[in-house]
Amino acid sequence: MPWKKFPHPDKAYVHAGESLKKHWARLHRGDAEPFPGDTAVQEAWRAFHAGDFARAVELGLASGGAGLIAANKAAIIYATYLEDDDEKKLVLFLEVAKRCETLQLETPDCANVWYQHANALGRYSQGISVSKALAQGLGGKIRRSLDRAVEIEPKHADAHIALGTYHAEVIDKVGALVGGLTYGARKDAGVEHFETALRLNPDSAIARVEFANALAMMYGRSRLKDAERLYAEAAACVPADAMERLDVELARAELADD
């Protein structure tokens, strides 16, 4: 079955020729991925930023090497936002995680190999339920990969977002006491990771969305106003590509539901 098309095409997300390199720093402020010298990998990223996630996966897998980072990111974003079939989502997340485990051996100093491994397993965990994932030992794998990602690249904003979410979801499922003793999860650490992410990537809608969700999980109604403010800020962000547009649309949908 063909992949669904990105529902918000925009010429602003198409970066032909030198435009990709010119806008690279802004487009990759979240994942700190270096600009690729391989023109085939550049094409995979052009497809990704424009919202042609199927083509980004195809081109990235065909290119290999750094192209796999583009393929993995496209698969994760597609599965998270556009795939309706829950089983297909889980398959896509596990495929990415498996590729990353191979890449961790081949390119152990690539931050995104570790981040994408954690991101894919994190999304998979949400799909099967965080409680079940913790029981299966996935929490430890996610935490180790995220810690390694920020060890390699301390300015990896997306890894800080994921670490903040890790702390929040563990506390939400097992409580602050057990979460702290068993998984090293702490409310203050979660907040600190989100604040770091926003300092590194101040235009990020998804950092605000995930921060808002985390505040609700960790603090409940006492931080509701802060969560609402973060959602409103996320909805007002100006997206630089298809992925960011999906993040903004998520925030707008949440506000509309309220």
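None of the values given here were measured: they were computed from a predicted structure. Keep in mind that the numbers below use all heavy atoms, side chains included, and drop hydrogens, waters and symmetry copies.
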Salt bridge (charged side-chain N to carboxylate O under 4.0 Å, His left out), that's the test. Do R148 and D109 meet it? Break it down for me. CA-CA 9 Å; R148 179 64 179 139; D109 295 325; 2.9 Å; yes
Test your reading of the model: is there a side-chain donor-acceptor pair from [X] to the backbone of [Y], 3.5 Å cut-off?
X    : Y    : result
S204 : A207 : yes
N119 : A162 : no
Q116 : I69  : yes
R46  : G17  : yes
H28  : W24  : no
D241 : E244 : yes
K89  : E83  : yes
W114 : P108 : yes

How close do [X] and [Y] get, heavy atom to heavy atom, and via which atoms?
X    : Y    : result
A50  : A242 : C-CB, 3.8 Å
D247 : A205 : CB-CB, 4.0 Å
V248 : C237 : CG2-O, 3.7 Å
A12  : H15  : O-NE2, 3.6 Å
A111 : E153 : CB-CB, 3.8 Å
A212 : A227 : CB-O, 3.5 Å

Run H193 and V150 through side chain to side chain contact (heavy atoms under 4.5 Å, CB included) and show every step you take. CA-CA 11 Å; H193 279 298; V150 296; 5.7 Å; no
Between [atom1] on residue [X] and [atom2] on residue [Y], distance to nearest 0.5 Å:
X    : Y    : atom1 : atom2 : answer
Q42  : S63  : CD    : OG    : 10.0 Å
H160 : E192 : NE2   : CD    : 9.0 Å
H167 : D188 : NE2   : CG    : 8.5 Å
R99  : L103 : CZ    : CG    : 8.5 Å
Y231 : E254 : OH    : CD    : 4.0 Å
I142 : T165 : CD1   : OG1   : 10.5 Å

Are the side chains of [X] and [Y] in touch, meaning some heavy atoms are under 4.5 Å apart?
X    : Y    : value
S145 : Q104 : yes
Y183 : L134 : yes
I77  : F48  : yes

Are [X] and [Y] joined in one hydrophobic group, where the rule is that I, L, V, M, F, W and Y side chains link up if heavy atoms are under 4.5 Å apart?
X    : Y    : value
Y13  : V57  : yes
L92  : L246 : yes
M243 : V209 : yes
V113 : L146 : no
I206 : L82  : yes

Could you go step by step and tell me if K21 and E18 meet the salt bridge (charged side-chain N to carboxylate O under 4.0 Å, His left out) rule? CA-CA 6 Å; K21 189 171 186 178; E18 290 299 311; 5.7 Å; no
Taking the six-membered ring for Trp, are [X] and [Y] parallel (under 30°), tilted (30 to 60°) or perpendicular (over 60°)?
X   : Y   : result
W45 : H49 : parallel
F6  : F53 : perpendicular
Y78 : W3  : parallel

Should the pair E95-K98 be classified as a salt bridge under the 4.0 Å nitrogen-to-oxygen rule?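 Looking at E95 and K98, the cut-off is not met.
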Whether the H117 and N72 side chains hold a donor-acceptor pair (N or O, under 3.5 Å, no angle test) is what I'd like checked.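 Looking only at side-chain atoms, N72 and H117 do not form any donor-acceptor pair under 3.5 Å.
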I'd like to know if the side chain of R199 pairs up with that of T196 as donor and acceptor (distance under 3.5 Å, no hydrogens or angles considered).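 Their side chains do contain a donor-acceptor pair, which is all the 3.5 Å distance test asks for.
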K141 atom NZ: more than 12 heavy-atom contacts under 6.0 Å: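 Not buried by this count: 12 neighbours or fewer within 6.0 Å.
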With a sphere of 6.0 Å drawn around CZ of R252, does it hold more than 12 non-hydrogen atoms of other residues, nucleotides or ligands?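 Atom CZ in R252 is packed in, count exceeds 12.
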Given side chain to side chain contact (heavy atoms under 4.5 Å, CB included), test L68 with L61 step by step and report yes or no. CA-CA 6 Å; L68 297 177; L61 292 178; 3.7 Å; yes
What's the verdict on side chain to side chain donor-acceptor pair (under 3.5 Å) for H156 and N112, showing C-alpha distance, side-chain angles and the deciding distance? CA-CA 9 Å; H156 198 300; N112 276 319; 2.7 Å; yes
Side chain to side chain contact (heavy atoms under 4.5 Å, CB included) between R208 and L198: does it pass, once the steps are laid out? CA-CA 8 Å; R208 290 172 169 83; L198 283 169; 3.5 Å; yes
Full working for side chain to side chain contact (heavy atoms under 4.5 Å, CB included) between F194 and L230: CA-CA 11 Å; F194 283 114; L230 286 163; over 6 Å; no
